[in-house]
Amino acid sequence: MSSTANLKHIVSLPAPESAPQLLGQRITHESPEGLVSGTITEVEAYQEGDQASHTFNGKTARTSVMFGPAGQMYVYFTYGMHWCCNVVVDEDGKGSAVLIRAVEIDEGVDLAWQRRYKEKISTEYSAKRLKDLSNGPAKFAQAFGIGKSAYGVDLLTDNNLYLSYEEPTERKIVQTPRIGISKAVDVPWRWLYK
DNA sequence: AAGGCGATTGCCT
DNA sequence: GGCAATCGCCTTT
């Protein structure tokens, strides 16, 4: 199977099956300022009928893309200041997506650093700040320069913002309940590398 | 037309 | 560990 076909298969699955398979996949954003790329290391699954999902109360203007074809980006704005990114998954018509909660950046660290901290990267790397670069959903969005304009972008075909397939690795995966929600708090649909 | 609140983060104690 | 910041969306009048 080709890389694109592998990805296509992964995002065609229901969210709770798709999410753990998106762990380890690569996401890249090429913007006028430069390229940032890294490995997805933490995800959460949300789907229609799931009380914690934005689609629980049906389709709205904000969530419409979640009901569309798999592989598109669902971006939402929250807490008055943060953007968060999801990969739309499952069959066309199902309101499902996988929230990208953390990415390990291995290309474009300088650019990511500038976007996050509004300053040039110093020769003396702060270990904590490096770790904090993209270890949260809104941190990832900021580090990658992703905002409203990414809404609905097809991550399987777009030339600037795209997923690329990586073979599964031996990295140990942990499964836990989702973070920061008030409904369906016991549903264990968060996956991350140990 | 108005009000409450969130799939978060960073700073303060 | 607690809490403020900040605003678009959705629900309720």
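Convention: sequence-line order gives letters A, B, ...; per-chain numbering from 1. Only a predicted model underlies this, so the values are computations on that prediction, with no experimental measurement involved.
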For B:dC5, which nucleotide is its Watson-Crick or G-U wobble mate, given both distances must be under 3.5 Å?
C:dG8

Roughly, in whole Å, what's the span from CD in A:E42 to C1' in B:dT8?
13 Å

Contact under 4.0 Å: A:R116 side-chain N or O vs B:dT9 OP1/OP2:
no

Distance check needed: B:dT9 P versus A:K118 NZ, whole Å only.
14 Å

At a heavy-atom distance below 4.0 Å, what parts of residues 45-63 of chain A sit against DNA chain C?
A:N57, A:T60, A:R62

How many Å lie between CG on A:N86 and P on B:dT8, as a whole number?
11 Å

In whole Å, I'd like the distance from the CG atom of A:L99 to the P atom of B:dG6.
16 Å

Given B:dG10, is OP1 or OP2 found less than 4.0 Å from the side-chain N or O atoms of A:K139?
yes

Could you pull out all donor-acceptor pairs under 3.5 Å where a side-chain atom in residues 178-193 of chain A meets a protein atom, sequence neighbours excluded?
residue	atom	partner	partner atom	Å
A:R178	NH1	A:A45	O	2.9
A:R178	NH1	A:D50	OD2	2.7
A:R178	NH2	A:D50	OD1	3.1
A:R190	NE	A:E42	OE2	2.9
A:R190	NH1	A:T176	OG1	3.1
A:R190	NH2	A:E42	OE2	3.1
A:Y193	OH	A:G24	N	3.2

Could you state the atom-to-atom distance from CZ of A:R129 to C1' of B:dT9 in whole Å?
14 Å

Nearest-Å distance for atom pair CH2/C1', residues A:W189 and B:dA7:
14 Å

I'd like to know whether NZ of A:K94 has more than 12 heavy-atom contacts from other residues, nucleotides or ligands below 6.0 angstrom.
no

Donor on one side chain, acceptor on other, A:R115 and A:S31, under 3.5 Å
yes

With P as the reference atom in both, quote the distance from C:dA4 to B:dG4 in angstrom, rounded to an integer.
16 Å

Tell me whether A:R116 is salt-bridged to A:D132, with the criterion being a basic N under 4.0 Å from an acidic carboxylate O.
no

Assign A:I181 to base, sugar-phosphate, or nothing according to its heavy-atom contacts below 4.0 angstrom with the strands shown.
sugar-phosphate

Using a distance-only test with no angle check, is there a side-chain donor-acceptor pair under 3.5 angstrom linking A:Q72 and A:Y74?
no

Can a side-chain donor-acceptor contact be found between A:Y162 and A:H29 if the only test is distance below 3.5 angstrom?
no

Under 4.0 Å between a side-chain N or O of A:R190 and OP1 or OP2 of B:dA7?
no

Between A:A97 and A:N86, which heavy-atom pair has the shortest distance, and what is it?
CB-CB, 3.7 Å

Quick one: is the NZ or CZ of A:R101 closer than 6.0 Å to the six-membered ring centre of A:F140, and within 45° of its axis?
no

Indicate whether any N or O donor in one side chain lies under 3.5 Å from an N or O acceptor in the other, for A:T157 and A:D154.
yes

For the pair made of CD1 in A:I100 and P in B:dT8, what is the distance, rounded to whole Å?
14 Å

Please list each protein N or O that sits under 3.5 Å from an N or O in nucleotides 5-7 of chain C, with the distance.
residue	atom	partner	partner atom	Å
C:dT6	O3'	A:G80	O	3.4
C:dT6	O2	A:Y79	O	2.3

Rounding to a whole Å, what distance do you find between A:W191:CH2 and B:dA7:C1'?
14 Å

